[in-house]
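Structure, as structure tokens:
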Amino acid sequence: MKYNKLIFDLSTPGRTGYRLPPLDVEEKELSDLLPKEILNEEELDLPEVSEVDVIRHYTNLSNLNFGLDTGFYPLGSCTMKYNPKINEDMASLAGMTAIHPMQDIDEVQGALQVLYDAQKYLCEVAGMDYMTLQPAAGAHGEITAIMVMKKYLEDQGETQRNEIIVPDSAHGTNPATAVMAGFKVVEVKSNEMGRVDVEDLKKVVSDKTAGLMLTNPNTLGLFETDMKEIADIVHDAGGLLYYDGANANAILGQVRPGDMGFDAIHFNVHKTFSTPHGGGGPGTGPVGVKAFLKDYLPKPIVEKDGDNYYLDYDIKHSIGRVKDFNGHFGIYIRGLAYIMAMGHDGLKLASSLAVLNANYLQHELKDHYKLAVDDICKHEFVLAGLKDDADGQLTTNDVAKRLLDKGYHPPTVYFPLIVPEALMIEPTETESKQTLDSFIKAMKEIAEEAKEDIDILLEAPHNAPVRRPDETKAAKDLILTYQKGE
């Protein structure tokens, strides 16, 4: 089939898709121009194809991609929501794209205003006092915040604080971040309602506690109802609170992490504030802090003096740069355009609709699938396998594969790790009731198929170009380059 072919399979000797102009300089051997030791003595094995071959090949490949412009993408904990195209237009303006970060400050006042306003608006949404825009993505924001907290504690003489507490339901980046920053990870368990077990937290805090990394709502889509007590326990023990902003789409305009007791936060701007998410494209993970941590932020940050914007390098205890220049500028243009267009009321409405959509899906599916926690959720919820699978032959993976046949990108599977057969669904605020109803119908059909003929699920997907690869082999035995004849 055409979409299974490699570009090499289309190659025909002598076929070309280009024409070079006549050579108008003296022709020389490469060995006269470059050192011999860096020259390749073998002919390059490149495909010989026409322009139309190339266009059709890559267009066919692109049609295999699934994205928000083609369908519903309910990927839990990632907020794959539709992004208004006008924000792309704003980031494409010549005044934004035809500048360079090394230009004189006087020549890029508009760009600095974008960054300054982005800092201020993000601080307002987060309930923080200062913000750095340098981190390149969420996990980068995490380690930036933890490094800030670490240096602050060291300057306070609290060098014995070498432990970071992480919930057992946390995103995997949280413990990884803590270890990379030089901390020991201490796990706090969840209670039967999927929240932090406060009594267990009391047991694990000590004079070694540097801080707690927490997502709220958590990865089960549940709001931490004991948040004030959690914050008090950590602060009373001398530790700090860090907010993982991956799930911030659930709380915009409703509550601010700074008001919950958090000392530092990162946002995933590419999840929450209008940026294309996924495909390896740029993200950004700005870090906000309370005033007492300001002097530890990466430098510079953008400040304003009268009508002039400037880069402030006078951050005396700064952890130093974590990214070149001021982070991913184009992402902040999109995020700022989104925030300015939405305003406070719009952001609050967005989170309200995200929560409404998630609870609607959860209610409609709970008679067909097990719920990890039967409670009102926020922006996402977690299923724990089919309700009617007495023999236990079917897995969440089977459900996800069957969803491909029905035209939907599957939700996140097998996360959080504390839920057996987890299927995490996040509809976001941008999907209509008609879309949600169609998804509900597909999920119910799968539940019925599981009772009537499980082979339909066990052999799914039936229509995809790649069906059920050996995922263990694919992970351990990577083939990253084309080998002719294989």
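Residue indices begin at 1 and follow the sequence shown.
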Q. Should we say atom NZ of K476 is surrounded by more than 12 heavy atoms from elsewhere, each under 6.0 Å from it?
A. no
(Q) Once salt bridge (charged side-chain N to carboxylate O under 4.0 Å, His left out) is applied, do any residues pair with E51, and if so which ones, sequence neighbours excluded? (A) none
Q: Can you measure from CD (E37) to CG (L34) and round to the nearest 0.5 angstrom?
A: 10.0 Å
Q | Shortest non-hydrogen contact between L133 and Y332, atoms and distance | A | O-OH, 2.9 Å
Q | Test applied, side chain to side chain contact (heavy atoms under 4.5 Å, CB included); reference residue, I446; option that passes from I456, L403, L394 | A | L403
Q) Taking atom types as modelled and ignoring hydrogens, do the side chains of N357 and E429 form a donor-acceptor contact shorter than 3.5 angstrom? A) no
Q. Quick one: does H171's side chain have a donor or acceptor within less than 3.5 Å of a partner on T173's backbone?
A. no
Q: Check H344 against G253 and note the closest heavy-atom contact, atom names and distance.
A: NE2-O, 3.7 Å
Q: Supply the atom-to-atom distance I165 CD1 to E163 CD, rounded to the nearest 0.5 angstrom.
A: 7.5 Å
Q) Does K294 count as lying over the ring of Y130, i.e. NZ or CZ under 6.0 Å from the six-ring centre, within 45 degrees of the axis? A) yes
Q) Can you check whether V269 reaches P286 side chain to side chain, under 4.5 Å on heavy atoms? A) yes
Q: Mark yes or no for whether E426, through its side chain, and T79, through its backbone, hold a donor-acceptor pair below 3.5 Å.
A: yes
Q | Closest non-hydrogen atom pair, N397 against Y414 | A | N-OH, 3.2 Å
Q | Spatial distance of atom CG (D244) from atom CG (L214) [nearest 0.5 Å] | A | 8.5 Å
Q. Should the pair K304 and Y310 be classed as cation-pi, given the thresholds of under 6.0 Å to the six-membered ring centre and 45° from the axis?
A. no
**Q.** Side-chain donor-acceptor pair present, D89, S92, cut-off under 3.5 Å
**A.** no
Q: State the CD1-NE2 distance between I7 and H57, to the nearest 0.5 angstrom.
A: 4.5 Å
Q | Approximate separation, where rounding is to 0.5 Å, of R467 CZ and D405 CG | A | 8.0 Å
Q | Residues S438 and T435: side-chain donor-acceptor under 3.5 angstrom | A | no
Q: Kindly determine whether V302 and D312 satisfy side-chain contact (heavy atoms from CB on, under 4.5 Å), including the steps that lead there.
A: CA-CA 6 Å; V302 182; D312 182 10; over 6 Å; no
Q: Run the numbers on T275 and E88 for side-chain contact (heavy atoms from CB on, under 4.5 Å), then give the verdict.
A: CA-CA 8 Å; T275 301; E88 296 298 304; 5.8 Å; no
Q | K323, NZ: over 12 other non-hydrogen atoms inside 6.0 angstrom | A | yes
Q) Looking just at side-chain N and O atoms, do N218 and N247 make a donor-acceptor pair shorter than 3.5 Å? A) no
Q.
Could you report the tightest heavy-atom contact between D104 and D106, atom names first, then the distance?
A. OD2-N, 2.9 Å
Q.
Has T396 got a side-chain atom pairing as donor or acceptor with E421's backbone, closer than 3.5 angstrom?
A. yes
(Q) Please check if the number of heavy atoms outside E29 that lie under 6.0 Å from its CD is greater than 12. (A) no
Q.
Determine whether a donor-acceptor pair (N or O, by modelled atom type, separation under 3.5 Å) exists between the side chain of E380 and the backbone of A358.
A. no
Q: Would you mind reporting whether V125 and F267 have side-chain heavy atoms less than 4.5 Å apart?
A: yes
Q) How are the rings of H266 and Y242 set relative to one another: parallel (under 30°), tilted (30 to 60°) or perpendicular (over 60°)? A) parallel
Q. Does D155 reach the side chain of H317, with side-chain heavy atoms less than 4.5 Å apart?
A. yes
Q. Donor-acceptor pair, R334 side chain versus F273 backbone, under 3.5 Å?
A. no
Q.
Ignoring hydrogens, what is the shortest heavy-atom contact between S351 and N249? Give both atom names and the distance.
A. CB-O, 3.3 Å
Q: Could I get the full list of ring-ring contact (aromatic ring centres under 6.0 Å, His included) partners for Y309, not counting sequence neighbours?
A: Y116
Q. Going by heavy atoms in the side chains, are M260 and I265 under 4.5 Å from each other?
A. no
Q) What ring-ring contact (aromatic ring centres under 6.0 Å, His included) pairs are there with at least one residue in residues 61-82, not counting sequence neighbours? A) F66-Y73, F66-H409, F72-F439, Y73-H409
Q | Residues K28, D32: salt bridge by 4.0 Å N-O rule | A | no
Q | Heavy-atom neighbours of E42 CD exceed 12 at 6.0 Å | A | no
Q: Find out whether L436 and L361 are in side-chain contact, i.e. whether some heavy atom of one side chain is under 4.5 Å from a heavy atom of the other.
A: yes
Q) Any chance CG of D307 has more than 12 other-residue heavy atoms, nucleotides or ligands included, within less than 6.0 Å? A) no
Q: Mark yes or no for whether H328, through its side chain, and T284, through its backbone, hold a donor-acceptor pair below 3.5 Å.
A: no
**Q.** Atom CZ of R56 with >12 non-hydrogen neighbours under 6.0 angstrom
**A.** no
**Q.** Working for side-chain contact (heavy atoms from CB on, under 4.5 Å), residues I164 and V185
**A.** CA-CA 5 Å; I164 291 286; V185 176; 5.6 Å; no
Q.
Determine whether L353 and L349 satisfy the following criterion, side-chain contact (heavy atoms from CB on, under 4.5 Å), listing intermediate values before the conclusion.
A. CA-CA 6 Å; L353 292 175; L349 178 61; 4.0 Å; yes
Q | Student check: side-chain heavy atoms of L347 and Y338 closer than 4.5 Å | A | yes
Q) Just by distance, do the side chain of T12 and the backbone of R15 share a donor-acceptor pair under 3.5 Å? A) no
Q. Do the side chain of Q134 and the main chain of K299 share a donor and acceptor less than 3.5 angstrom apart?
A. yes
Q) Any salt bridge between E158 and R161, counting N to O under 4.0 Å? A) yes
Q: Kindly give the heavy-atom pair with the smallest separation between A400 and V413, and that separation in Å.
A: CB-CG1, 3.8 Å
Q: Go through E124 and R256 one step at a time and tell me if the salt bridge (Lys or Arg N to Asp or Glu O under 4.0 Å) criterion holds.
A: CA-CA 8 Å; E124 178 61 28; R256 306 188 307 173; 3.4 Å; yes
Q: Say whether, by atom type as modelled, one donor and one acceptor occur between the side chain of D398 and the main chain of T395 under 3.5 angstrom.
A: yes
Q) Around atom CD1 of I86, are there more than 12 heavy atoms of other residues, nucleotides or ligands at under 6.0 Å? A) no
Q: Would you mind reporting whether P217 and I251 have side-chain heavy atoms less than 4.5 Å apart?
A: yes
Q: Check whether any side-chain heavy atom of I99 lies under 4.5 Å from a side-chain heavy atom of F329, and answer yes or no.
A: yes
Q. Judged by atom type as modelled, is there a donor-acceptor pair below 3.5 Å linking the side chain of K271 to the main-chain atoms of S77?
A. yes
Q: Mind checking the CD1-CG spacing from I418 to L220? Nearest 0.5 Å is all I need.
A: 5.0 Å
